[in-house]
Every structure is written in structure tokens, then in C-alpha cells.
Amino acid sequence: MNEELSPGSAAHVVELIARLRAAHPDAHCALDYETPVQLLVATILSAQCTDERVNLTTPALFARYPTVEALAAAEPLEIEELVRPTGFYHQKTRYIRESAARLLAAYGGEVPPAMDELLTLPGVARKTANVVRGEVFGLADGITVDTHVKRLAARLGLTAETDPVKVERDLMAIIPRDSWIEIAHLLIWHGRRVCTARKPACPDCPLNDVCPSAAGQQAVEQ
DNA sequence: ATCCCGAGGG
DNA sequence: CCCTCTGGAT
């Protein structure tokens with residue numbers, strides 16, 4: 001670990017973002033969708049499921065129910081059958097139908113742009129709201145904290161918290177607001193490709209000299 | 001056995 | 001704070 005860059009300092013954050021940009025210039029939302037409502041549905045389905053698997057299930061779902069009206073009126077058992085491979089299928093089906101119904105009842109069938117409005121949708125909390133707001137409207141009232149962002153923030157020494165809401169608050173305090181949307185994509189991409197949960201590839205990581213958790217780096221500096 | 005772009009309820 | 005909800009991949 002480079003001793004001149006204390007974890008969480010402004011200089012550390014600047015360095016992290018620059019290196020992650022260079023390593024993952026293609027980082028972007030990996031969920032497939034055509035409309036804001038479809039992104040909302042795909043993001044609800046992404047809970048505790050790989051986006052790859054979500055993308056394998058949504059084409060049939062969106063073909064069967066192309067509109068928010070169709071989703072709201074869908075037979076629960078039919079949606080359950082289509083989304084079962086994503087896990088939590090009973091709850092996710094209810095969230096999809098009830099959120100679609102609420103979009104129709106309160107927002108003219110459109111996805112609202114305000115954070116507090118998104119949070120009134122069943123099955124939508126800060127993670128899902130941050131994803132949808134950032135992707136659809138380019139707006140950020142917060143930072144998407146999924147399992148990757150949470151894990152990497154901890155390993156990089158950017159937070160000592162484990163509760164995602166507290167992790168998000170810590171990140172918001174040290175990351176410039178104009179990087180809030182980008183940093184989540186970068187950390188997610190890096191988490192999938194390099195800093196994986198089970199076997200992080202520290203020797204191949206472009207952050208290993210600015211990461212307090214990098215395996216086998218500290219001894220060299222002594 | 002652990003992990004994946006979590007949320008709601010107790 | 002805790003727990004439950006779920007399936008597929010590794």
C-alpha cells in the first residue's frame with residue numbers, strides 16, 4: 001500500500017477512479033432493456049442474481065408483457081414461471097405487478113424521476129432507485145451499493161461499515177458527486193472481472209499498490 | 001458451501 | 001439489529 005495515499009482521502013479517490021477508468025473503459029449498466037419500465041423490472045429481478053441470468057429471462061417476459069399495463073394485469077403464476085430462474089420469484093413477481101400498478105395509478109404509467117417517488121414503489125429501495133435514476137435520467141441522489149460495491153469499498157478501505165445504507169453514506173462523503181454514477185459501474189465491473197468475492201486477482205489488479213487489502217503487497221514495502 | 005447489480009418485515 | 005425469500009453457477 002502506497003503510504004502517501006491514505007484510504008478514503010481525496011487523492012486516493014482520484015487515483016482509484018483514474019485507474020478504474022483505464023482498466024474498464026467499457027463499464028456500463030449490463031442489464032438489457034428497451035424502456036425505463038423494463039429497466040425497473042430488470043433491476044428488481046437482479047436482486048441476488050447475476051445480470052447475465054436476468055438477461056436470459058427478461059426477453060420472454062417483455063415479449064409476453066410489453067407494456068406497463070400488461071405487467072400490472074398479468075397472471076401472477078405466469079410471471080412466476082417466467083422469472084423463476086432469477087430466484088425469489090414469488091416476491092419479485094409481486095413487486096413487478098404492484099410496482100406496475102402503482103406506476104399506472106400515480107405516475108401515468110411512467111417511471112418517475114424523483115428518488116422519493118421511486119422509493120414508494122414496492123420492491124424498490126435505494127439500490128434499485130439509484131440504478132434506475134442514474135441510467136434513465138442521468139441523475140444521482142446517491143450511489144448504487146450492490147454486493148460488488150459493498151465488497152470493494154470495504155477492501156479498498158473506503159468504509160468500515162457493512163450496512164449498505166451506511167456504506168453509501170460513506171462513499172457519498174468522499175466521492176465527488178459528478179462521479180457517483182460512474183464509480184458504481186467501475187466498481188461493479190472491477191468486482192466481476194478482478195476483485196471477485198472468492199478469489200480476488202490481486203497480482204493482476206491495477207489497484208494493488210493503493211489497496212490496503214492487496215494480498216502479498218504489504219510485505220514488499222516493509 | 002458460497003455467491004450473484006436486495007428488499008421487507010420482525 | 002436480525003431473519004426470510006429462491007435458483008443457478010462455481
Side-chain angles (χ1 to χ4, degrees), chain A residues 20 24 26-33 36 38-58 60-61 76-77 79-102 111 115-137 139-156 158-169 171-172 175 179-201:
Chain A
L20 287 170
H24 311 289
D26 54 336
H28 65 282
C29 178
L31 296 170
D32 295 335
Y33 66 97
Q38 289 183 355
L39 174 62
L40 176 67
V41 171
T43 308
I44 289 173
L45 291 176
S46 73
Q48 294 297 294
C49 177
T50 61
D51 51 0
E52 184 180 357
R53 180 145 303 279
V54 172
N55 289 338
L56 289 174
T57 66
T58 47
L61 179 68
L77 289 178
I79 296 188
E80 285 191 3
E81 184 179 353
L82 290 168
V83 306
R84 180 170 296 116
T86 70
F88 299 154
Y89 60 89
H90 191 69
Q91 297 188 108
K92 287 176 179 176
T93 294
R94 183 161 54 84
Y95 294 155
I96 289 168
R97 292 183 69 253
E98 293 182 359
S99 283
R102 174 153 180 78
V111 174
M115 173 67 79
D116 59 345
E117 293 175 325
L118 286 166
L119 293 178
T120 69
L121 300 173
V124 177
R126 291 197 62 87
K127 181 262 175 177
T128 300
N130 278 323
V131 168
V132 172
R133 268 173 61 78
E135 186 73 5
V136 174
F137 303 105
L139 301 173
D141 277 345
I143 297 173
T144 299
V145 177
D146 72 330
T147 185
H148 296 294
V149 174
K150 177 180 166 181
R151 181 179 70 254
L152 268 66
R155 287 180 175 173
L156 289 166
L158 303 182
T159 184
E161 302 289 349
T162 57
D163 173 27
V165 174
K166 295 178 182 175
V167 172
E168 182 183 1
R169 188 199 311 140
L171 292 179
M172 289 167 70
I175 294 170
S179 295
W180 284 4
I181 294 174
E182 182 186 19
I183 191 68
H185 288 145
L186 292 173
L187 291 175
I188 289 165
W189 242 245
H190 196 62
R192 301 201 312 193
R193 290 174 169 173
V194 180
C195 193
T196 57
R198 291 177 168 120
K199 194 178 184 304

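First the proteins, then the strands, lettered A, B, ... as listed; each starts at 1.
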Protein-nucleotide distance ([X], atom [atom1]; [N], atom [atom2]), rounded to Å:
X      : N     : atom1 : atom2 : value
A:D146 : B:dA7 : CG    : C1'   : 14 Å
A:L40  : B:dG6 : CG    : C1'   : 14 Å
A:R151 : B:dC5 : CZ    : C1'   : 11 Å
A:D51  : B:dC5 : CG    : P     : 5 Å
A:H148 : B:dC3 : NE2   : P     : 12 Å
A:R94  : B:dG6 : CZ    : C1'   : 14 Å
A:R193 : B:dC5 : CZ    : C1'   : 15 Å

When the [atom1] atoms of [N] and [M] are considered, how many whole Å apart are they?
N     : M     : atom1 : value
C:dC5 : B:dC4 : C1'   : 15 Å
B:dC3 : C:dT6 : C1'   : 13 Å
C:dA9 : B:dA7 : C1'   : 23 Å

(message) If you define the side chain from C-beta out and look only at heavy atoms, does anything of A:P85 sit under 4.5 Å from A:R53?
(response)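 Contact flag for A:P85/A:R53 side chains = yes.
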Select base, sugar-phosphate, or nothing to describe what [X] touches, counting heavy atoms under 4.0 Å on all strands.
X      : value
A:T128 : sugar-phosphate
A:S46  : sugar-phosphate
A:P122 : sugar-phosphate
A:V124 : sugar-phosphate

(message) Please find the pair of heavy atoms, one from A:C49 and one from A:V54, that lie closest to each other, and give the distance.
(response)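 Closest approach of A:C49 to A:V54, heavy atoms only: SG-CG2, 3.9 Å.
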(message) For A:H28, give me all partners under ring-ring contact (aromatic ring centres under 6.0 Å, His included), at least two apart in sequence or on another chain.
(response)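 A:W189.
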(request) Assign each of A:L121 and A:L31 to its nearest nucleotide of DNA chain B by heavy atoms, then name whichever residue's nucleotide is nearer the 5' end. (result) A:L31
(message) Under 4.0 Å, heavy atom to any atom of DNA chain B: which of residues 180-191 of chain A qualify?
(response)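 Residues of residues 180-191 of chain A under 4.0 Å from DNA chain B: A:I188.
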(request) Give a yes or no on whether the backbone of A:C29 and the side-chain of A:D51 come within a donor-acceptor separation of less than 3.5 Å. (result) no
(message) For A:I96, is there any backbone N or O sitting under 3.5 Å from a side-chain donor or acceptor partner on A:S99?
(response) no
(request) Determine the sole option in A:V41, A:I44, A:L121 for which the side-chain contact (heavy atoms from CB on, under 4.5 Å) test with A:Y95 is passed. (result) A:I44
(message) Taking side-chain contact (heavy atoms from CB on, under 4.5 Å) as the criterion, tell me which of A:H90, A:Q91, A:R97 meets it with A:T93.
(response) A:R97
(message) Looking at A:T147, I'd like to know whether one of its side-chain N or O atoms comes within less than 4.0 Å of OP1 or OP2 on B:dC3.
(response) no
(message) Treating primed atoms plus P, OP1 and OP2 as sugar-phosphate and everything else as base, which nucleotides of nucleotides 2-10 of chain C get B, S or - for protein heavy atoms under 4.0 Å?
(response) ---BBBSSB
Mind checking the [atom1]-[atom2] spacing from [X] to [Y]? Nearest 0.5 Å is all I need.
X      : Y      : atom1 : atom2 : value
A:D32  : A:L39  : CG    : CG    : 10.5 Å
A:H190 : A:I183 : NE2   : CD1   : 10.5 Å
A:H148 : A:L187 : NE2   : CG    : 10.5 Å

